[in-house]
Amino acid sequence: MSTTVPHSVPPRPSRREASSVTAIRCLIVDDHPAIRVGLRELLSDEPDFTVVAAVGSAEEAVAFAQDHPLDVAIIDYQLGGRSGLWASRKLARLAEPPARLIYSAYSDAVLAAACVVAEASGLVSKAALGTELCDRIRQAAAGETHLPMVPPSLAEGMRRRLDTQEQAIFGLMLSGSGPDEVGRTLGIPYGELEARLWSMLRKLEWLDRGR
């Protein structure tokens, strides 16, 4: 089951509905060359997509996006170095951030919770890298956010791994608040909130990888 999570930051003007005559500019991020080729071929067959580039690491993705306009970054969760969630948070901090779509073999509620903190636009299973992926790309380009539901019992268990302030941040983000709104609501300065979010992301990633 998926849910649309409202985003406090309005979509950037360059994101377009899939019906637009201008193609959705995509960046593929995967450390396996064969998968990069396969995804490029899949997306290139869609008339409303343009694959701008395909890179092999989170760092390459951020460096490329700094200098090239993009609409959607399609990012493998488990990259060889820094994770796809690291890339998602870094891309979200750009002046003109692309939408950020994570794909993984384990697209469940545990990873979905980490995706919320990473400000990802969506999470797709590697078992569904066909029509569903293309649909998610179009939705992300239109400014929509789709992540699996995080059951209350799981969310509570994850909160217990965070300190008191992080629990408050996590609860607001699960309810759909973006970082700017979280900072205003809790009165946390930008720099402190950023440090907290990075700490939370590391804790949630360790929880996911320790399953």
Side-chain angles (χ1 to χ4, degrees), residues 1-5 7 24 26-43 46 49 51 53-62 64-65 70-93 97-141 144-151 154-155 157-158 161 170 173-174 197-211:
M1 180 179 181
S2 296
T3 185
T4 299
V5 180
H7 207 289
I24 297 168
C26 300
L27 171 67
I28 297 168
V29 188
D30 197 296
D31 58 343
H32 293 284
I35 295 179
R36 291 200 299 272
V37 170
L39 283 176
R40 182 187 282 272
E41 291 178 353
L42 170 68
L43 301 186
E46 300 295 318
F49 295 161
V51 179
V55 300
S57 72
E59 293 88 347
E60 286 179 285
V62 175
F64 184 87
L70 299 168
D71 296 303
V72 183
I74 303 98
I75 313 167
D76 186 14
Y77 167 45
Q78 293 183 318
L79 298 169
R82 294 186 183 275
S83 76
L85 298 184
W86 181 91
S88 178
R89 282 223 78 233
K90 283 290 188 179
L91 290 171
R93 306 272 75 74
R100 301 153 302 280
L101 195 61
I102 302 293
Y103 65 94
S104 170
Y106 304 100
S107 57
D108 59 12
V110 176
L111 181 53
C115 283
V116 170
V117 176
E119 300 176 64
S121 306
L123 176 61
V124 181
S125 169
K126 285 188 174 181
L129 294 186
T131 301
E132 182 177 342
L133 173 63
C134 294
D135 288 344
R136 287 288 181 263
I137 291 172
R138 294 183 181 102
Q139 291 161 353
E144 300 177 17
T145 298
H146 290 268
L147 293 168
M149 291 286 291
V150 180
L154 175 60
M158 300 179 89
R161 297 173 179 268
F170 187 53
M173 294 194 77
L174 283 181
L197 288 170
W198 282 115
S199 173
M200 291 166 60
L201 186 58
R202 287 191 294 270
K203 292 175 183 178
L204 295 176
E205 279 200 275
W206 277 113
L207 176 62
D208 176 67
R209 293 179 178 182
R211 287 181 291 169

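Numbers here simply count residues along the sequence, with the first being 1. Everything numeric in this text was worked out from a predicted model, so none of it was measured.
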K.L.:
Hey, could you give me the CD/NE2 distance between Gln139 and His146, rounded to the nearest 0.5 Å?
P.N.:
4.0 Å

K.L.:
Closest heavy-atom contact between Leu91 and Pro97?
P.N.:
O-CB, 3.1 Å

K.L.:
Nearest 0.5 Å please: distance from the CG atom of Leu197 over to the CZ atom of Arg202.
P.N.:
10.5 Å

K.L.:
What distance separates Asp71 CG from Leu27 CG, expressed to the nearest 0.5 Å?
P.N.:
11.0 Å

K.L.:
Mind checking the CZ-OG spacing from Arg89 to Ser83? Nearest 0.5 Å is all I need.
P.N.:
11.5 Å

K.L.:
Is the shortest heavy-atom distance from the side chain of Gln78 to the side chain of Asp31 under 4.5 Å?
P.N.:
no

K.L.:
Would you call Asp30 and Tyr103 a side-chain contact if the rule is heavy atoms closer than 4.5 Å?
P.N.:
yes

K.L.:
Considering all heavy atoms of both residues, which atom of Leu70 and which atom of Ala65 are nearest to each other, and what is their separation?
P.N.:
CD1-CB, 3.8 Å

K.L.:
Over all heavy atoms of both residues, which pair between Met158 and Val110 is shortest? Give the atoms and the distance, please.
P.N.:
CE-O, 3.8 Å

K.L.:
Please tell me if the side chains of Leu111 and Leu85 come closer than 4.5 Å, counting only heavy atoms from C-beta onward.
P.N.:
yes

K.L.:
Between Ser121 (side chain only) and Ala99 (backbone N and O only), is there a donor and an acceptor less than 3.5 Å apart?
P.N.:
no

K.L.:
Check whether any side-chain heavy atom of Phe170 lies under 4.5 Å from a side-chain heavy atom of Leu204, and answer yes or no.
P.N.:
yes

K.L.:
So which atom in Ile102 and which in Ala120 form the shortest heavy-atom distance, rounded to 0.1 Å?
P.N.:
CG1-CB, 3.9 Å

K.L.:
With rounding to the nearest 0.5 angstrom, report the CD1 to CD distance, Ile137 to Glu46.
P.N.:
8.5 Å

K.L.:
To check you understand the geometry: which heavy-atom pair defines the closest contact between Pro151 and Ala109, and what is its length?
P.N.:
CD-CB, 3.6 Å

K.L.:
Below 4.5 Å, heavy atoms only, C-beta onward: do Arg138 and Val72 meet side chain to side chain?
P.N.:
no

K.L.:
Nearest heavy-atom pair of Val29 and Ala58: which atoms, and what distance?
P.N.:
CG1-N, 4.4 Å

K.L.:
Check whether any side-chain heavy atom of Val124 sits under 4.5 Å from a side-chain heavy atom of Ile74, and report yes or no.
P.N.:
no

K.L.:
With rounding to the nearest 0.5 Å, note down the distance linking CD1 in Ile75 to OG in Ser57.
P.N.:
11.5 Å

K.L.:
Is there side-chain contact between Cys115 and Tyr77, with heavy atoms separated by less than 4.5 Å?
P.N.:
no

K.L.:
Using only atom types and a distance under 3.5 Å, with no angle test, would you say the side chain of Arg100 pairs donor to acceptor with the backbone of Glu119?
P.N.:
yes

